[in-house]
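Structure, as structure tokens:
As the structure lists them, so they are numbered: ligands from 1, and atoms in each ligand from 1. Note that this is a predicted model, so its numbers are computed, not measured. Note that these values count all heavy atoms, side chains included, but never hydrogens, waters or copies made by symmetry.
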Amino acid sequence: MTDETEADLTGATARRRPKASAERIGDRKLKPSTMMMGYGYDPTLSEGSLKPPIFLTSTFVFPNAAAGKRHFEGVTGKRPGGAEGLVYSRFNGPNQEILEDRLAIWEEAEDALAFSSGMSAIATLFLAMTKPGDTIVHSGPLYAATETLIARILGRFGVKWLDFPAGASREEIDAVMIEARKTGDVALIYLESPANPTNALVDVEAVAAARDAIFADLTDKPPIAIDNTFLGPVWAQPLRQGADIVVYSLTKYAGGHSDLVAGGVLGNKAHINTIRAMRNTIGTICDPHTAWMLLRSLETLELRMTRAGENAAKVCAFLNGHPKVEKVGYLGFLEQQDDARQADIYRRHCIGAGSTFSLYLKGGETEAFAFLDALKIAKLAVSLGGTETLASAPAAMTHLSVPEARKQALGITDNLVRISIGVEDADDLIADFEEALKAV
Ligand SMILES: *Cc1c(COP(=O)(O)O)cnc(C)c1O
């Protein structure tokens, strides 16, 4: 069947699956940064428009009744792989489909889904994968809203959980999985790496080996999902270390301009179809305009993340050893900070150190606040991964409601400043931090 006849049959007007766009030149497989400019979109289906139009419509016209039936077979899961053509905007739309095709490319995932926020992606994943009595095994700490979702919300529906610390060894992970098996069906293993704000890396290879060993007798082993928001997709690609599903807050580096909220899930077709069926039901897809903004963002993803990473390396080199600085929690310093196990995970799992790190000032809240209030280029705000540098005090802001003992255990001390470096000029940023440290 040619592209044209398939387009006619499915009634999809904007584009069809990306056969038209090149994935290869001769033998050369194109890099994601090249493919972000055209993959998955055929201008001839949209009046030659170089960029995809934003499709503001709630529903899609079927070319005939038989096509409508085929499309619904896709939506209801009778036909695997999602709808063959577009049906209704709660299920999907042209902008979101292009976005999903392009998201999958970065980690060579089979398929991807776009969501209205990182949390709606995570919530849809959990709802799709768990039932009352099941247990979720997870690394800790997790993003605060994810912890709330597991413990307080899924807990109300009879889902249990057990966690191991992010830096756990194979033996510690084994022990928690063995314990979890005794509690019921382990539905999902959920990771976040590096943990926020401790920056502890999870050994995904060890988790995958533990899962394969502890659940060796099961044909349906619990899938491993991981929140890759902090390092993905440029600095870490955990599907390569044995994760099955990757979750993103696209609000952060992927969106990258602090002007949208969105989420993504990547993985193999079977997992994605399970999650898609839940998304179809509850409508957690992102809107077409946000999808379009993300398409624009993905064109510069590698440029932005590379520059931010280079900037962070320079800024951290300046901060490290400054007389008013106690410690810089930056992945690039793991080797020199004598943490052999974390350094080993870093070498095996990470392509770069990222641009979000923890700065521990000498002193406490007074010193942290004086520093934050003196910053001129860096903005005082939570979130991360934008073009602009942001700084905040977790103990007084994002983690204010965390009990004191747990704060201490996680290293969320009053002198901690969380910094996300942007794409400004590195020397300007260093000048800003140098002046602000004088105010401490
Ligand atoms: C921000 C964030 C989330 C939540 O994403 P939203 O887009 O704000 O819903 C989840 N995980 C991590 C690691 C985050 O940084």
Side-chain angles (χ1 to χ4, degrees), residues 96 99 103 112-127 136 138-154 163 166 188 190-202 204 225-238 243 245-266 275 279 282-287 289-291 293-294 297-298 301 305 308 329 331 349-350 354-358 381-386 388 390-392 394 397-399 402 410 412 418-422:
Q96 296 93 325
L99 172 62
L103 281 176
L113 295 169
F115 290 89
S116 56
S117 71
M119 282 318 302
S120 77
I122 294 166
T124 307
L125 165 73
F126 289 167
L127 284 177
I136 295 175
H138 71 83
S139 65
L142 298 174
Y143 184 72
T146 309
E147 287 200 353
T148 303
L149 184 58
I150 293 175
R152 297 205 210 144
I153 300 175
L154 290 181
D163 65 342
L188 183 68
Y190 186 84
L191 314 174
E192 187 175 315
S193 181
N196 174 25
T198 58
N199 264 1
L201 294 168
V202 177
V204 181
I226 179 166
D227 185 331
N228 197 31
T229 299
F230 272 77
L231 292 179
V234 168
W235 300 310
Q237 303 190 340
I245 299 164
V246 171
V247 175
Y248 278 100
S249 167
L250 300 176
T251 312
K252 314 296 168 53
Y253 287 98
H257 297 71
S258 308
D259 56 5
L260 61 84
V261 173
V265 174
L266 282 57
I275 303 162
R279 189 188 67 174
I282 64 178
T284 40
I285 192 167
C286 74
D287 67 276
H289 182 257
T290 300
M293 299 265 283
L294 277 160
S297 292
L298 290 182
L301 180 70
M305 291 183 79
L331 292 177
H349 289 23
C350 301
S355 85
T356 302
F357 60 91
S358 297
V382 298
S383 196
L384 61 126
E388 61 284 291
L390 300 181
S392 65
M397 297 167 192
T398 47
H399 293 71
V402 176
L410 295 177
I412 306 172
R418 257 319 246 187
I419 297 175
S420 167
I421 296 290

Holding to side chain to side chain donor-acceptor pair (under 3.5 Å), I want the full list of residues that pass it with S249, two or more places apart in sequence or in another chain. T251

Any side-chain heavy-atom pair from L266 and I245 closer than 4.5 angstrom? no

Those residues that, when tested against T146, pass side chain to side chain contact (heavy atoms under 4.5 Å, CB included) (two or more places apart): M119, I122, F126, L142, Y143, I150, Y190

Do the non-hydrogen side-chain atoms of V261 and S116 ever get within less than 4.5 Å of each other? no

Need the list: ligand 1 N/O atoms against protein N/O atoms, distance under 3.5 Å, rounded to one decimal.
residue: ligand 1; atom: 5 (O); partner: S249; partner atom: OG; Å: 3.0
residue: ligand 1; atom: 7 (O); partner: G118; partner atom: N; Å: 2.9
residue: ligand 1; atom: 7 (O); partner: S249; partner atom: OG; Å: 2.8
residue: ligand 1; atom: 7 (O); partner: T251; partner atom: OG1; Å: 2.6
residue: ligand 1; atom: 9 (O); partner: G118; partner atom: N; Å: 3.0
residue: ligand 1; atom: 9 (O); partner: M119; partner atom: N; Å: 2.8
residue: ligand 1; atom: 11 (N); partner: D227; partner atom: OD2; Å: 2.6
residue: ligand 1; atom: 15 (O); partner: K252; partner atom: NZ; Å: 2.7

Any chance you could measure T356, atom OG1, to N196, atom CG, to the nearest 0.5 Å? 8.5 Å

Partners passing side chain to side chain contact (heavy atoms under 4.5 Å, CB included) against A291 (at least two apart in sequence or in another chain): N95, Q96, L99, C286

